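Notes follow the structure.
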Number of protein chains: 2
Amino acid sequence: MLSPTAHMPDRFPARHANVIPIQPATNDTESRQGTVRCSTCSMRSICMPPELSAEDLAKLDTVICSSRSVKRGDTLYRAGDGFQSIYAIRVGSFKTVVMHRDGREHVTGFQIAGEALGLDGVCAGQHNCDAIALEDSVVCIIPFAKLEVLCRELRPMQHHIYQMMSSEIVRESGQMMLLGTMSAEQRLAAFLLNLSKRFKRRGFSPAEFNLRMTREEIGCYLGMKLETVSRMFSRFQRDRLVCANGKTVKITDPDGLARV
Amino acid sequence: MLSPTAHMPDRFPARHANVIPIQPATNDTESRQGTVRCSTCSMRSICMPPELSAEDLAKLDTVICSSRSVKRGDTLYRAGDGFQSIYAIRVGSFKTVVMHRDGREHVTGFQIAGEALGLDGVCAGQHNCDAIALEDSVVCIIPFAKLEVLCRELRPMQHHIYQMMSSEIVRESGQMMLLGTMSAEQRLAAFLLNLSKRFKRRGFSPAEFNLRMTREEIGCYLGMKLETVSRMFSRFQRDRLVCANGKTVKITDPDGLARV
DNA sequence: CGAAGTCTTGATCGAGGTCAAGAATTGTGG
DNA sequence: CCACAATTCTTGACCTCGATCAAGACTTCG
């Protein structure tokens, strides 16, 4: 584990996050959002295990007590940055990007409100990818060292973190299958249905939503070129499966889309 | 049924170092109820965190105390099987395969001695893929519920499990990048160099080793057809980067391979 | 030994990449 | 508010890498 004195990359203002000592609430100098409380957060049913008692939640509030705003296009963290915290998205959305030394980029995921960021950093003590906001966003900062302490006390939290990491492993397996075996058409269909499902889970319309990412970013996630993404959208439109107008997408025939 | 001793598959000539099963120091005669001891296992430096005390190891021995033999071609677990344990490979190697309902298969990983299997099961309480032995193998059985208890007591173990899961996330990110952005030639080169590195880590020759998987399995892992795998091997041979003879591979120009 | 599985190589084809041009959308400053 | 520049998106024409089909060689094993 990195020592608490591990230096902060200078592109991050030093007041950020993890250097804040073990002190509850009031001190979040860097947050533009004020105090964060899991105990009263509307996203809790998505972020946290259901079986936490009021007492457990109080403990949680001492660990997760600061947030951070990230403007569209800005990075939450970059590959190589020292790892101190994981993040839960409160508002907005992100993409995670890994880069090969030759400059080749690949989008490994899109994350929306209620989802976690940064789990890849535990492994080597430094982040493995860039996390970039697709729109103005707010994240809860979860200092990982403190979380580990908490997880030794609260069995449900411990299990929940294992589940979160395992889910990410399973998600990536599915994405590998998509990239390894599906046609461009099938990939885009799977992508849209997956987004739809996640929006639905959060109480939004599964049928109509706004894409926060460009065709190029979608392509980079699905392993194809932006022109191909555009062509597949046109094909779906022609086949009356979706009605796509720029970033606005309306899924008119989800079953048909699933059968592609 | 289960063979009492892990034997070396005789189809592999003995002159290749890594063919010799990576034998733990203890003589473990058998499956399932055979005694396994992390405290005296030669793989421990690969499987476990270094900072465990003798006392910690004794605790570990109460959790990880049985092993299981899996014959070539047999499954350790299947997608859908209830999740109870994770596994550490003592001897041999495996592939993990996810299947789409339409029958499409994708190999998500190859695991060799010292590596873990089954972490994908935590998420939904059931395994997400099939784990199939590529050769006669032996795994340590690690009951996950007991491991969780242990991790609440032993900080280094707790952190180690987080690291293992995070490593898997990072590994899969890299594989997604490979599948999403690289040419067939680059994929095979990256695959061979990755295997080489893992063998080296275990004290075997990084330059010469035996593939335990078929061209088809490699292709299914790298998102290409077996014919393409074969063609790429021939191309590397022509360019004097590797000397491939069926399953025997000798990397003659690792730098050249990395530059592909 | 023969059968089944695995590997190599050639010939051909097509999905998706590349290049190009123009349309639509978004953002910015006056 | 509009004008205009910068992104982003769509569509067409063409080309390439890797898939597909096919045949034969080699390996493994009962």
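Every chain is numbered from 1, with letters handed out A, B, ... down the list of sequences. Computed from a predicted model, the values in this text were never measured in an experiment.
- Ionic pairing of B:R171 and B:E115 is not present here: no N-O contact between side-chain nitrogen and carboxylate oxygen is shorter than 4.0 angstrom.
- DNA chain D is contacted by A:L226, A:E227, A:S230, A:R231, A:S234 of residues 223-236 of chain A, taking any non-hydrogen atom closer than 4.0 Å.
- Taken residue by residue, residues 97-110 of chain A places no heavy atom nearer than 4.0 Å to DNA chain C.
- A close approach under 4.0 Å does occur between a side-chain nitrogen or oxygen of A:R72 and OP1 or OP2 of C:dG27.
- Using a cut-off of 4.0 Å between Lys/Arg side-chain N and Asp/Glu carboxylate O, B:D136 and B:R72 are scored as not salt-bridged.
- Between B:K247 and C:dC7 there is a side-chain polar atom (N or O) within less than 4.0 angstrom of OP1 or OP2.
- A cation-pi arrangement is absent between A:R212 and A:F110 under the rule of less than 6.0 angstrom and at most 45 degrees off the ring axis.
- Atom CG in B:L222 sits roughly 16 Å away from atom C1' in D:dA19 (whole-Å rounding).
- With B:Y221 as reference, B:Q175 is the one residue of B:H106, B:Q175, B:K95 to meet the side-chain hydrogen bond (donor to acceptor under 3.5 Å, both in side chains) rule.
- Along DNA chain C, the nucleotide nearest to A:A184 and the one nearest to A:G246 differ in position, and the one closer to the 5' end is contacted by A:A184.
- Counting only heavy atoms from C-beta outward, the side chains of A:S205 and A:F199 never approach each other to under 4.5 Å.
- Between B:I89 atom CD1 and B:I112 atom CD1 the span is 8.0 Å, to the nearest 0.5 Å.
- Taking atom CE of residue B:M213 and atom C1' of nucleotide C:dC7, one finds them 16 Å apart after rounding to whole Å.
- The separation between B:E185 atom CD and D:dG18 atom P is 8 Å, rounded to whole Å.
- Remark: the B:Q126 side chain and the B:R78 side chain contain no N/O donor-acceptor pair separated by less than 3.5 Å.
- Straight-line distance from the CG atom of A:L211 to the P atom of C:dA24: 20 Å, rounded to whole Å.
- At the heavy-atom level, A:R212 lies nowhere under 4.0 Å from the strands shown.
- There is a side-chain donor-acceptor pair under 3.5 Å between B:T96 and B:T108.
- Between A:Y77 and A:Y87, the angle of the ring planes stays under 30°, which puts this pair in the parallel group of the 30/60° scheme.
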